[in-house]
Each structure stands twice: as C-alpha cells, then as structure tokens.
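As the structure lists them, so they are numbered: ligands from 1, and atoms in each ligand from 1.
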Amino acid sequence: MNGNGLSAAYGRVAVLMGGQSAEREVSLKSGRAVLDALLTRGIEAEAVDVDDDVLVRLAAGSYERAYIILHGRGGEDGVIQGALQRIGMPYTGSGVLGSALAMDKYRTKAVWRGVGIPTPESVLIVDEGDLDMAAALGFPLMVKPICEGSSIGMNKVENRTQLHRAWEQARVYDYLVLAERWIVGEEYTTSILQGEALPMIRLETPHLFYDYEAKYSADTTSYHCPCGLDAAQESDLQALCLKAFDAVGASGWGRVDLMLDEQRQPWLIEVNTVPGMTDHSLVPMAARVAGIEFDELVERVLATSLGRDGDE
Ligand SMILES: Nc1ncnc2c1ncn2[C@@H]1O[C@H](COP(=O)(O)OP(=O)(O)O)[C@@H](O)[C@H]1O
Ligand SMILES: [Mg+2]
C-alpha cells in the first residue's frame, strides 16, 4: 500500500502525549517524533497533550484512533486505555489488563513466578515494619517504587541504613515499594513488535545502574545491537521475553528488560508497554538493526490499533 492508501485506512490519528506523570517530558519528545513520522508517511495526525479534558477534546476532534505515546501513570497503566475503550476509540498497544499489570512491577513478578519465568527475589515494603524482611534477602538490594518508570525514585542499597533512606525516597512516588535482590551481570532489553521479538540490545553504563541520567543524557552509555550473544542463546531469551510479555497480557508492541547474571542465567526485570520512541530510543534502535526504519516502525505500531473492536 502507498502512503495515501494507508492514510485512508487509519483515518485521523490523535497522538496522545505529555500527560501528567513524572515522565511527561520524555513522552513529549517521543510524541513529537511519532507525529513527524506519521505526517511523513502521509497519515493525518495531530498532537493531543493529555489533560483532564482529553476525552472531550478527542470527541470534538473527530479522530478515528489514538496513538498512545504516554509513559507512566495515567497513560501506560490502563487508565487512558479504559477511557478510550469506553468511547469506542481504537488505540495502539496493550489493552487495559496488560497495561495495568505491566505498570505494576510487584504484580508482574508475581505472575511471572506463577508461570515459571525467572525474576529476582523481592519483598514488598508497605511500611517500616517490612524493612527487616527486605534486609533478610541480603544486600545489595535494588529499591524501587512499584509503579514508576525512567529509573525514578530508585536506589541500590548496601546496608540497613541505606535501605531505610531508599525506601523513604521511593515512597515519595508510590506508597508501595519493592526491594529486589541485586543482580550482578549484564543488562539487556528485548523489543517486541506485532508478536515478534526484535534483535536484543545490551546496555552498558559506568553508572551503578541504568539510571535517569544514563537513559536520557549521559554520553557514556553504550548500546550494543547486535548484542553479542550467540544466536541460539539470543533466540531462547527472545522466546522467554515474548512469553513474559504475553504472561502479563501485554500486546501489540513494547519492551522487556532483563539481566544475565555471572552464571549467564536470565532474570526478567520489567515490561514497558509504551517504551520511548525518540529516534535515540531503544525500540527504534532494535528495529533499525532488523531493517525497519523509524517511520516504518511508527506506522507498524499504529497498525496495532487495527482490529480493536472496542470490546477486547
Ligand atoms: N534487581 C536488579 N539488579 C540490578 N540492577 C537492577 C535491578 N532492577 C533494576 N536494575 C537497574 O535499574 C534500571 C531500572 O530498573 P527498572 O526496573 O527497569 O525500572 P524502570 O521502569 O525505571 O526502567 C534497570 O535498567 C537496571 O539497570
Ligand atoms: Mg526499565
């Protein structure tokens, strides 16, 4: 199909971006890149910065579908997905259940454990009384709010005092906090597009972990794609990531973060149902190695909204 044909098939697209989460700025960046790519492909699209009036604005704008490029709470967690479903507007990516579950790192891990997917042992910290149980896992630990992204509110801790401080910092973002066994090893991410895994990326940073700065501003982060694993191990891990994505009910497109410990055993960390989409982001990087240029990737993500009948 040529650009015009596709444009007709998609109708007017609202690119939902911004929002009110801690990741607003990242979303605006991704959103603009997506909007540009759609326009380049001849698809009629407009930016919609999401606020409390978003549904009214969507109804008034006579859009046919929504391209969700919101990160974090309100946009990646099933809330906007449910609202769009209610007004019968097809949207990209995961549905309500997959979005909500993937947003919650604690419950994602519970589901994974239930189906035998390896994920680091962890303790949920609800109040101060749970800190002893977390410390009993053994240090170092990673402390994170269960529903945040972009490494916000996260800290590596080496002892009980640091654990207490990290818990206090994490609960600014979410009253539920996860203390997770620290994995020593290599970090990877697997991008998923329309039911298939793209080439894996290995991430390397001199920081303690892949923190906010390493993600968005440091020039010391390196990305290896192809990732350097042998083909058989890469395809086993891709299959594991697809299973992990599916297990939480995620669909369409997304990314699964994982680590390989020193014994080369995989540990799955989390699922992102609306990963970054600037032309420096990870999914576009993996797609490029698979021979899919940014504009095409953007359109293939849009295609995940086709066939949504609103009662999924
Ligand atoms: N259990 C762990 N052991 C070691 N490093 C971890 C662990 N969990 C997370 N990290 C590091 O922290 C980063 C962010 O963690 P992640 O759970 O993916 O949260 P976010 O949603 O913010 O990306 C990871 O990319 C990794 O570098
Ligand atoms: Mg992550």
(Q) Using a 3.5 Å distance criterion without hydrogens, assess whether the side chain of Gln162 forms a donor-acceptor pair with backbone atoms of Glu158. (A) yes

Q) When you measure from atom 9 (C) of ligand 1 to every protein heavy atom, which one gives the shortest distance, and what is it? A) Lys144 NZ, 3.4 Å

Q: Report the member of Met103, Glu270, Glu76 with the shortest heavy-atom distance to atom 16 (P) of ligand 1.
A: Glu270

Q. Just which atoms of ligand 1 are under 4.0 Å from any heavy atom in Tyr210?
A. 13 (C), 25 (O), 27 (O)

Q.
For ligand 1 and Ile269, I'd like to know whether there is a polar contact (N/O to N/O, distance under 3.5 Å).
A. no

Q. So do the side chains of Thr190 and Leu237 get within less than 4.5 Å of each other, counting heavy atoms only?
A. no

**Q.** Sole residue of Lys144, Arg181, Arg113 in side chain to side chain donor-acceptor pair (under 3.5 Å) with Ser122
**A.** Arg113

Q) If you measure every N/O of Asn272 against every N/O of ligand 1, is any gap under 3.5 Å? A) no

Q. Does Ile68 reach the side chain of Thr273, with side-chain heavy atoms less than 4.5 Å apart?
A. no

Q. Counting only N and O atoms by type, is there a donor-acceptor contact under 3.5 Å from the side chain of Thr108 to the main-chain atoms of Leu101?
A. yes

Q) With distance as the sole criterion, is a donor-acceptor pair present between the side chains of Ser30 and Ser27 under 3.5 Å? A) no

**Q.** Closest approach of any protein heavy atom to atom 15 (O) of ligand 1, naming residue and atom
**A.** Met154 CE, 3.2 Å

Q.
Between Asp53 and Val56 (side chain of the first, backbone of the second, donor and acceptor by atom type, cut-off under 3.5 Å), is there such a pair?
A. no

Q: If you have a sec, work out which protein heavy atom is nearest atom 3 (N) of ligand 1 and how many Å separate them, to one decimal?
A: Ile183 N, 2.9 Å

(Q) Give me the nearest non-hydrogen protein atom to atom 19 (O) of ligand 1 as residue plus atom name, then the distance to 0.1 Å. (A) Lys105 NZ, 3.0 Å

(Q) Between Glu270 and Lys109, does any side-chain N to carboxylate O distance fall below 4.0 Å? (A) no

Q | Backbone N/O of Thr278 and side chain of Ser281: donor-acceptor pair under 3.5 Å | A | yes

Q | Metal environment of the Mg ion (ligand 2), protein N/O/S under 2.8 Å | A | Asp257 OD2, Glu270 OE2

Q) Got the closest protein heavy atom to atom 23 (O) of ligand 1, with its distance? A) Lys215 NZ, 2.7 Å

Q) Can you list the atoms of ligand 1 that are under 4.0 Å from a heavy atom of Asp257? A) 18 (O)

Q: Quick one: look up the protein heavy atom nearest atom 1 (N) of ligand 1 and list residue, atom name and how far away it is.
A: Glu180 OE1, 2.8 Å

Q) Of the protein's non-hydrogen atoms, which lies at the shortest distance from atom 10 (N) of ligand 1, and what is that distance? A) Met142 CE, 3.6 Å

Q.
Do Leu260 and Pro266 have side chains that approach each other closer than 4.5 Å (heavy atoms only, starting at C-beta)?
A. yes

Q. What protein heavy atom sits nearest atom 26 (C) of ligand 1, and how far off is it?
A. Glu187 OE1, 3.2 Å

Q) Met154 versus Leu178: any side-chain heavy-atom pair under 4.5 Å? A) no

Q) Could a heavy atom of Lys156 be found less than 4.0 Å from some atom of ligand 1? A) no

Q) Excluding sequence neighbours, so at least two apart, what forms side-chain contact (heavy atoms from CB on, under 4.5 Å) with Ser222? A) Glu204, His224

Q) Taking only heavy atoms of Ser151, which atoms of ligand 1 are found under 4.0 Å from at least one of them? A) 13 (C), 14 (C), 20 (P), 22 (O)

Q | Ionic contact status for Arg171 with Asp127, cut-off 4.0 Å | A | no

